[in-house]
Number of protein chains: 2
Amino acid sequence: MPIRVLVYEDNTPLREALSVLIDGTSDYDLVGAFGDNLRVVSQVAGLQPDVILMDIDMPGQTGIEAIRKLRQQPTVADVLILTVFDDDDRVFEAIRAGATGYLLKKTQPSRLLEAIREVYEGGAPMSPSIARKVMQTLHYRPNTDISQLTTREGQVLARLADGMSYKLVAADMEISIETVRTYIKRIYEKLHVHSVTEALAKFRS
Amino acid sequence: MPIRVLVYEDNTPLREALSVLIDGTSDYDLVGAFGDNLRVVSQVAGLQPDVILMDIDMPGQTGIEAIRKLRQQPTVADVLILTVFDDDDRVFEAIRAGATGYLLKKTQPSRLLEAIREVYEGGAPMSPSIARKVMQTLHYRPNTDISQLTTREGQVLARLADGMSYKLVAADMEISIETVRTYIKRIYEKLHVHSVTEALAKFRS
DNA sequence: GCTCGTATCCCATGATTATGGGATTGACCG
DNA sequence: CGGTCAATCCCATAATCATGGGATACGAGC
């Protein structure tokens, strides 16, 4: 069963090149190719693609907005972003919106086909520079401040981060609320802050 | 100039196979191959590898602990995890510790060499299933609650998340502290919470 | 013209937090 | 054995925050 691909790309020569590439390769089926994504929701519902190739910079509505609308639907299709932009803002906005993969337009046709298959098979292809950015956002930045908290102080802070009040923290840890207060005072000294919200801002920085 | 590769893998047959593969390929230089990573810091300092292949499950000290120690040094080498584990906990622990790439051991030798080069050139190769997991953690989970906040309410919440007090938020937004209070009251109604920390817990969920 | 939503400000009361003291216990270290 | 540190509890005062009112103004939409 071939992979059903739907293309959104406003640049006509490129859109046609993509169409020819996909339609001309066995195991890949081009189910549509559009120059704008204004009717993306109904088109996806009707054409039932497995993978959607989406350009970011399109007239009327950006590819990112289109992804957001798709996400509000019970869609199963995965979206592969194909763009010339590799600036952090655009990349992460698209990923957060729900993109499954992110390729730069300079990607080779053979790699593009491979990426479409990878998405279809449960992967998340990215250009190398994008992948590195994504990894770096997940890297833990050692925080000398918070690492010097004691076990109990850390537990208190974690509970506060979950939205618990002093009272609840005390109940949950089975200690007196006065003890909670004491720990929080010490946390403030160590982190050089003066309120829970400030401490939490440092905690998750 | 060949890529200098250092291998940590306790399984001897596999370690030797990796050594032969790397050393036998032009443009790749095997600078060392060890069965344990207890002296990883000094070895890396001495051998000056560009890319480190690291197994996770090793005797004495896990590959993740080794990465943590390397991160505390002024090391420039990138670490590529090579493991049989693809469970979420282990994957994300390694990534947070500072791994640059994450490959499963079932990866083909040709793909492995390609991945080493990709790391060297600034990428972050991952097995498809790992890449998908990474992307999903970054996906914004549409929160109907917070999306119904007005512009100003959202701005207030963002500033509270940065650790600002009502007073500071008011000064920063150039509005009265009473207005800040009003917005916060409405935020509480919309998010069904009763404190700043609770609201923030929902805000970033 | 009227309603609704957003943005803005004000007041009063009670609950929670912040700050700055003390105090005790047990573990670990030299 | 004395010192330090983590963990535990208590009190009092001041500052913030939470809650529940009310009020005005402006633009969009019916």
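Since we're looking at a predicted model, the values are computed, not measured. Naming: A, B, ... by sequence-line order, numbering from 1 per chain.
- Proximity of B:R152 to the phosphate of C:dT8: a side-chain N or O atom is located under 4.0 Å from OP1 or OP2.
- Closest heavy-atom contact between B:R4 and B:Q48: NE-O, 2.9 Å.
- Listed for the B:R96 side chain is no donor-acceptor partner under 3.5 Å among the backbone atoms of A:Y140.
- Atom OH of B:Y183 and atom P of D:dC17 are 18 Å apart (whole Å).
- Distances were taken from every side-chain heavy atom of B:T151 (C-beta onward) to each of C:dA7, C:dT17, D:dT19; the shortest belongs to C:dA7.
- Here C:dT8 presents its C1' atom at 8 Å from CD1 of B:I175, a figure rounded to the nearest Å.
- Using a 4.0 Å cut-off between charged nitrogen and carboxylate oxygen, A:E118 and A:R111 count as a salt-bridge pair.
- Neither OP1 nor OP2 of C:dT17 sits under 4.0 Å from any side-chain N or O of A:S195.
- Atom NE2 in A:H194 sits roughly 18 Å away from atom P in C:dT17 (whole-Å rounding).
- C:dG21 atom C1' lies 7 Å from atom NZ of A:K185, rounded to whole Å.
- At C:dC10, one or more side-chain N or O atoms of B:S176 fall inside 4.0 Å of OP1 or OP2 (strictly under the cut-off).
- One atom, CD1 of B:I187, and another, P of D:dC17, lie 13 Å apart when rounded to the nearest Å.
- Nearer the 5' end of DNA chain D, as judged by each residue's closest nucleotide, is the contact made by A:K190, out of A:T182 and A:K190.
- When the P atom of D:dG21 is taken as reference, atom CD1 of B:I184 falls 19 Å away, rounded to whole Å.
- Put simply, the side chain of A:R186 and the base of D:dT8 share a donor and an acceptor less than 3.5 Å apart.
- The phosphate of D:dA7 (OP1 or OP2) has no side-chain N or O of A:T179 nearer than 4.0 angstrom.
- Nearer to the 5' terminus of DNA chain C, by closest-nucleotide assignment, is the contact made by B:I177 (compared with the other of A:K167 and B:I177).
- The distance from atom CG of B:L200 to atom P of D:dC17 is 12 Å, rounded to the nearest whole Å.
- Side-chain N/O atoms of B:T150 include none lying less than 4.0 angstrom from OP1 or OP2 on C:dG5.
- Remark: of the listed residues A:K69, A:Q61, A:Q43, A:Q61 is the sole one forming a side chain to side chain donor-acceptor pair (under 3.5 Å) with A:N37.
- Distance from the side chain of A:V196 is smallest for C:dT17 among the nucleotides C:dT17, D:dT8, C:dT8.
- Straight-line distance from the CD atom of B:E189 to the P atom of D:dG20: 9 Å, rounded to whole Å.
- Distance CD1/A:I116 to CD/A:E114: 11.0 Å, rounded to 0.5 Å.
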